[in-house]
Novice: 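Once you've had a glance at the structure underneath, I'll fire off some questions.
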Amino acid sequence: MSSRYNHKVVEKKWQDIWAKHNVFKTSTDTKKEKYYVLEMFPYPSGRIHMGHVRNYTLGDVVARYKRMKGYSVLHPMGWDAFGLPAENAAMTENKHPEEWTYQNIKTMKSQLLQMGLSLDWEREIATCHPEYYKHEQKFFIDMFNAGLAYKKEAEVNWDPVDKTVLANEQVIDGRGWRSGALVEKKKLSQWFLKISKYSEELLSDLDHLTNWPNKVKVMQSNWIGKSIGAEINFKLSNQESFIKVFTTRPDTIFGATFLALSTKHELSIDISKDNKVLQKFIKECESLNPDKNKKGFDTGLFVNHPFIKGKKLPVYIANFVLKEYGLGAIFGCPAHDQRDLDFANEYNLDVIPVVKPNNIKESEFKIKDEAFTEDGLIINSDFLNGLVVEKAKDKIIEQIEKLKIGKKKINYKLRDWGISRQRFWGCPIPIIYREDGEIIAVEESELPVKLPDLKGFNETSTALNNIPDWKETVCPKTGLKAYRETDTFDTFFESSWYYFRYCNARLDKPFDKKDIDYWLPVDQYIGGIEHAILHLLYSRFFTKALRDLGYFSLDEPFKGLFTQGMVTHKTYRNNEGEWIEPKDISNDNGVLKDKNNIKVETGKIEKMSKSKKNVIDPNDIISSYGADTARWFMLSDSPPERDLQWTDTGIAASFKFINKLFEFIEKFKGFDSKNINNLELVDKQKDIINQISENIEAFQFNKSVAKIYEFVNNLNDALSGNKLSYEDFSWSLKKLAIILQPFVPHISEEIWSNIGNSTLCINQMWKKEGVKKKIKLKIAIQINGKTKQIIEVDESMSKEMVLSTVKDSEKIKKNLLGKNIIREIYVPGKIVNLVI
RNA sequence: GGGAGUAUGGCGGAACUGGUAGACGCGCCGGAUUCAAAAUCCGGUCACUUCGGUGGUGUGGGUUCGAUUCCCUCUACUCCUACCA
């Protein structure tokens, strides 16, 4: 495509000018109201992708707009720089992960610079830098001393391909989230953070996050998984010991017909020690899907029913009971729990209904294959009979507590955060193990515990445990031999506090409380929905933990959250089932073919991914069309929260628009007119400007884009219709430059300077336009709710005058011929509805 | 199984607290320009129509003077989660 507008020259020119004048350096004027815009920082994988372009464009619109609205804006950028890919690359490229990482940062930074983002690069951080991670080592020590970080033997998810421990959340359908390998179970001593201590606060504070998408709050709430129930002790018959169970349905206790333990329950393990059959059963359970087959092992033990004298319940070990939830033991009430019912039917256990639906007689109520889990009235339950479920719960818990056989209990699914990773390229955990067995934190003065400087990098380098020189040390206090903790932090550790560091990124402390008080919380955080649970929950926890450690008094880090949609693209597959890149496809008389002339079918529209070969490289787009075109396309059409479909025609349209904007500059040069000012146009344009403002504040950038098109179309119409004075044209271009600035900043500056300004457009104020009240109102005339005609009336006209005008209309007269008007409705400025 | 959400032209999507459905962009059709094409510009573009109108926002119903918008039913799709007792 050819054009006189040279985006390469123009965009570079403005980027240089912004840089030269330090335009995006964060204002330190604390008298101004602050606004903190943050996009989720990228992992330096090598090159930016379209997801980044979308994310950072959205953030940049907000940052530039708020700045023009007079806020002092913090808009920083950095790098989530630790992680596994660096190790993998280091092995194949025989480089140190550090070298690979910094090289990628350099490349990606230059790409971000080309996008013309209003970022304060003086606050750039990389989490792999010792000056960054030394602070989080200190946090960890504080947490360790406060009992928030602890070590425990835990069964972990072992990824045999990546040779690392994975968090529960990193296992998807039993496979590693990166490698896709089947995950094995392995026991290791691990570091944990006590996030569970904050379960209740993390849950209840969600209510205060009014600027978060409801979807995310629901996901976090489900993840925390609060449930209210009871702990009940069942005494083993003929023994003094008890089995403790957790239940959310204590009201169904009279319907209990068995107890079931997890295969990993202490008692199960105890019994299995000298029981070969049970050992075999437990082994079998590992490969049995409890969803399809509910299997149990009869222990031969019985417990006494706590409320029915003489009644004994058999104790089973069952494959469907989880060790990790509650107490790893349940009582089975088959009539009111589908899983229990399936199990009871398999082993011919009693089914005793204790809740009946309101509308069915007790004598007619039967349970067959379907458990009754809804509310109803309690039956067959002694002192609970006749109560509704909720009331019965309260009463039975009261009794349980009175008899001292249990208590009310609130249970959470949320488990402590395992932060140990057996990797090299991560932040070392600052702990030493002394030869006398003591586990002690590294002295603060010894921080940071830096990663070893390796010459080469190979298979054995992938864990610090394999580097004896680094591992062996001495205790500085006692001189005793010691060895270092060789685990590194989960990389979510770094991303849990980076938004604090931006407040003063070169400070010797992690941050200054004064700065946190001013800048935090983040006003607008923008990123992908994939971080809905982990990153956002960990960050919320970290904030609360640091607060309790005395660092500041902040409760929540992110006031506003926006989750953007994915960037998608059509996929193509040839007849041999191979994915084909769009650029390798040719159109042969309507038949799509690949490079080897094999027929290609169009597939589904999917998220851009290397494996589906439907990726468009932002670099190519920016170099052939420019950053403004790319940004404009990202903002057009699709609402930001929805998926954005990449199309060639879409990017071409954006390019066309940017060129059209440039045409205005050309037309303005030497523009001569004797026209009087076009007040109607100016009023219309002012109205549009205010609407654009509203749309930006509501995060509806696609609507802003549509309004800008209208502004431009109005201007164009007036221009070609010769209805524009010099003053109008100059005013319009000035306003145009301002409204374009957040979206397409380069062409905006170009327009701004070409109409004779020596200032920068980014430094202008975005003012609210005073719009004159319209005197003429357009009113739709309806008959029985169907619009028949649109008329203009004077605003000052009374209802009676409007109605008589309406009835004078020839068209309406015709419609009313021979009919009686039953009712007349007038909504000022909107409609007249005549009911006949 | 549980939870959340979506459904409007050929396509992406507009329509403020119920009040002119289809803004804006793409595509398509016609025209101008051109030796021709691309690019550009102008006009048209929900469907049916006897050109008076009539129908139309996934389905069926309801509330209302009036429903894309509120309520109920069903259907389809998307996402999250999953034996959580």
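Sequence lines set the chain letters: A, B, ... in the order given, protein chains first and strands last, and positions in each chain run from 1.
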Novice: Are A:Arg823 and B:C65 close enough that a side-chain N or O sits under 4.0 Å from OP1 or OP2?
Specialist: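 The answer is yes; a side-chain N or O of A:Arg823 sits under 4.0 Å from OP1 or OP2.
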Novice: Picking from B:C84, B:C26, B:C24, which would you name as closest to the side chain of A:Arg415?
Specialist: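 Within the option list, the nearest is B:C84.
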Novice: Would you classify A:Thr649 as touching base, sugar-phosphate or nothing, given that sugar-phosphate means primed atoms plus P, OP1 and OP2, and contacts are heavy atoms under 4.0 Å?
Specialist: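 Touches sugar-phosphate only.
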Novice: Could you tell me whether A:Thr647 contacts a base, only the sugar-phosphate backbone, or nothing, with contacts defined as non-hydrogen atoms closer than 4.0 Å?
Specialist: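 Here A:Thr647 touches no strand at all.
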Novice: Under 4.0 Å between any heavy atoms, over every strand shown, what does A:Asp340 touch: base, sugar-phosphate, or nothing? Just pick one.
Specialist: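 Answer is nothing: A:Asp340 stays at 4.0 Å or more from every strand.
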Novice: Could you tell me whether the side chain of A:Arg249 has a donor or acceptor atom within less than 3.5 Å of a complementary atom in the base of B:A85?
Specialist: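 Flag unset: no donor-acceptor pair detected.
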Novice: With sugar-phosphate meaning primed atoms plus P, OP1 and OP2, does A:Lys707 contact a base, only sugar-phosphate, or nothing at under 4.0 Å between heavy atoms?
Specialist: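 Nothing: the residue A:Lys707, judged by heavy atoms under 4.0 Å, touches no strand.
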Novice: Take the protein atom NZ of A:Lys786 and the nucleotide atom P of B:U64, then report the distance between them rounded to whole Å.
Specialist: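 After rounding, the gap between these two atoms is 17 Å.
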Novice: B:G25, B:A23, B:U20: which one has an atom nearest the side-chain heavy atoms of A:Thr787?
Specialist: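 Nearest to the side chain of A:Thr787 among the choices is B:U20.
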Novice: Report the base-pairing partner of B:C24 (Watson-Crick or G-U wobble, both distances below 3.5 angstrom), or none.
Specialist: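 Check on B:C24: paired to B:G12, both distances under 3.5 Å.
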Novice: Just by distance, with hydrogens left out, do A:Asn411 and A:Ser227 show a side-chain donor and acceptor under 3.5 Å apart?
Specialist: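 The criterion, which ignores hydrogens and geometry beyond distance, is not satisfied for A:Ser227 and A:Asn411.
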Novice: Side-chain N or O of A:Lys656 less than 4.0 angstrom from OP1 or OP2 on B:C26?
Specialist: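 So the side chain of A:Lys656 is within the cut-off, an N or O lying under 4.0 Å from OP1 or OP2 of B:C26.
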Novice: With a 4.0 Å cut-off on heavy atoms, is A:Val827 in touch with a base, just the backbone sugar-phosphate, or nothing at all?
Specialist: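 Contact class for A:Val827: base.
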Novice: Taking the side chain of A:Thr247 as heavy atoms from C-beta outward, which of B:C24, B:A85, B:A14 is closest to it?
Specialist: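 The listed nucleotide nearest to A:Thr247's side chain is B:A85.
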Novice: Report yes if a side-chain nitrogen or oxygen of A:Arg642 is closer than 4.0 Å to either non-bridging phosphate oxygen (OP1 or OP2) of B:G13; otherwise report no.
Specialist: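 Checking B:G13 against A:Arg642, a side-chain N or O does come within under 4.0 Å of OP1 or OP2.
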Novice: Using the ring pair (Phe, Tyr, Trp, His ring centres under 6.0 Å) rule, take A:Tyr709 and A:Trp632 through it: C-alpha gap first, then chi angles, then the decisive distance, then the call.
Specialist: CA-CA 12 Å; A:Tyr709 273 115; A:Trp632 190 249; 5.8 Å; yes
Novice: With a cut-off of 6.0 Å (strictly less than), are more than 12 heavy atoms of other residues, nucleotides or ligands near NZ of A:Lys686?
Specialist: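 Correct, the count exceeds 12.
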Novice: When you measure from the side chain of A:Lys703, which nucleotide among B:C84, B:A23, B:A15 comes out closest?
Specialist: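 It is B:A15.
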Novice: Say whether A:Glu663 and A:Asn659, considering side chains only, have a donor N or O and an acceptor N or O under 3.5 Å apart.
Specialist: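 No, no side-chain donor-acceptor pair sits under 3.5 Å.
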Novice: Separation of A:Lys409 atom NZ from B:A85 atom C1', in whole Å?
Specialist: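 Answer to the nearest Å: 14 Å.
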Novice: Mind calculating the distance between CG (A:Leu635) and P (B:G13) to the nearest angstrom?
Specialist: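 That distance rounds to 15 Å.
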Novice: Would you classify A:Asn702 as touching base, sugar-phosphate or nothing, given that sugar-phosphate means primed atoms plus P, OP1 and OP2, and contacts are heavy atoms under 4.0 Å?
Specialist: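 If one applies the 4.0 Å heavy-atom cut-off, A:Asn702 turns out to touch the sugar-phosphate alone, with no base involved.
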Novice: In terms of the nearest nucleotide of RNA chain B, which residue is placed more toward the 5' end: A:Asn716 or A:Val835?
Specialist: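 Going by which nucleotide is closer to the 5' end, it is A:Asn716.
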Novice: Check the chi torsion on B:G52 and let me know: syn if it falls within 90° of 0, anti if not.
Specialist: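 The base of B:G52 is oriented syn (glycosidic angle within 90° of 0).
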Novice: Within 45 degrees of the axis of the six-membered ring of A:Tyr826 and under 6.0 Å from its centre: does A:Lys799 put its NZ or CZ there?
Specialist: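 The answer is no, since A:Lys799 fails at least one limit relative to A:Tyr826.
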Novice: Is it the case that the side chain of A:Arg339 and the backbone of A:Phe320 share a donor-acceptor pair, with hydrogens and angles ignored and the cut-off at 3.5 Å?
Specialist: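 No: the side chain of A:Arg339 does not pair with the backbone of A:Phe320.
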Novice: Can you name the nearest heavy-atom pair linking A:Ile195 to A:Trp417, along with the distance?
Specialist: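 Smallest heavy-atom distance, with atoms named: CG2-N, 3.7 Å.
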Novice: In whole Å, what separates the C1' atom of B:A14 from that of B:A76?
Specialist: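 Pairwise C1' distance, B:A14 against B:A76, rounds to 24 Å.
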Novice: Summarise how protein sits on nucleotides 71-80 of chain B as a single string, 5' to 3': B when a protein heavy atom is under 4.0 Å from the base, S for sugar-phosphate-only contact, - for no contact.
Specialist: ---------S
Novice: Would B:G9 be called syn or anti here, given the cut-off of 90° from 0?
Specialist: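 It is syn.
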Novice: Could you go step by step and tell me if A:Glu694 and A:Lys703 meet the salt bridge (charged side-chain N to carboxylate O under 4.0 Å, His left out) rule?
Specialist: CA-CA 10 Å; A:Glu694 284 169 29; A:Lys703 290 201 245 172; over 6 Å; no
Novice: Would you say the side chains of A:Gln564 and A:Asn55 form a donor-acceptor pair under 3.5 Å?
Specialist: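 Yes, side-chain donor-acceptor contact under 3.5 Å.
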Novice: When we call it a touch if two heavy atoms are under 4.0 Å apart, what does A:Lys788 touch: a base, just sugar-phosphate, or nothing?
Specialist: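 The residue A:Lys788 makes sugar-phosphate contact but no base contact.
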Novice: Judged by each residue's nearest nucleotide on RNA chain B, which is more toward the 5′ side, A:Asn214 or A:Lys830?
Specialist: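 Result: A:Asn214.
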Novice: With a 3.5 Å cut-off and heavy atoms only, can you find an N or O donor on one side and an acceptor on the other between the side chain of A:Gln782 and the base of B:G19?
Specialist: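 Looking at the base of B:G19, it does pair with a donor or acceptor on the side chain of A:Gln782 (distance under 3.5 Å).
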Novice: When the aromatic ring centroids of A:Phe699 and A:Phe701 are compared, is their separation below 6.0 Å?
Specialist: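 Yes: the rings meet the under 6.0 Å criterion.
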Novice: Should the heavy atoms of other residues, nucleotides or ligands under 6.0 Å from NZ of A:Lys217 be counted, would the total exceed 12?
Specialist: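 Enclosed.
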Novice: So which of residues 315-332 of chain A are in contact with RNA chain B, with a heavy-atom cut-off of under 4.0 Å?
Specialist: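 Heavy-atom cutoff 4.0 Å gives A:Asn319, A:Phe320, A:Val321, A:Leu322, A:Tyr325, A:Ile330.
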Novice: Which of the following nucleotides, B:A14, B:A85, B:C26, is nearest to the side chain of A:Asp337?
Specialist: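 Nearest to the side chain of A:Asp337 among the choices is B:A85.
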Novice: Distance check, C1' atoms only: B:G60 and B:A67, in whole angstrom units.
Specialist: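 One C1' to the other, the span is 16 Å.
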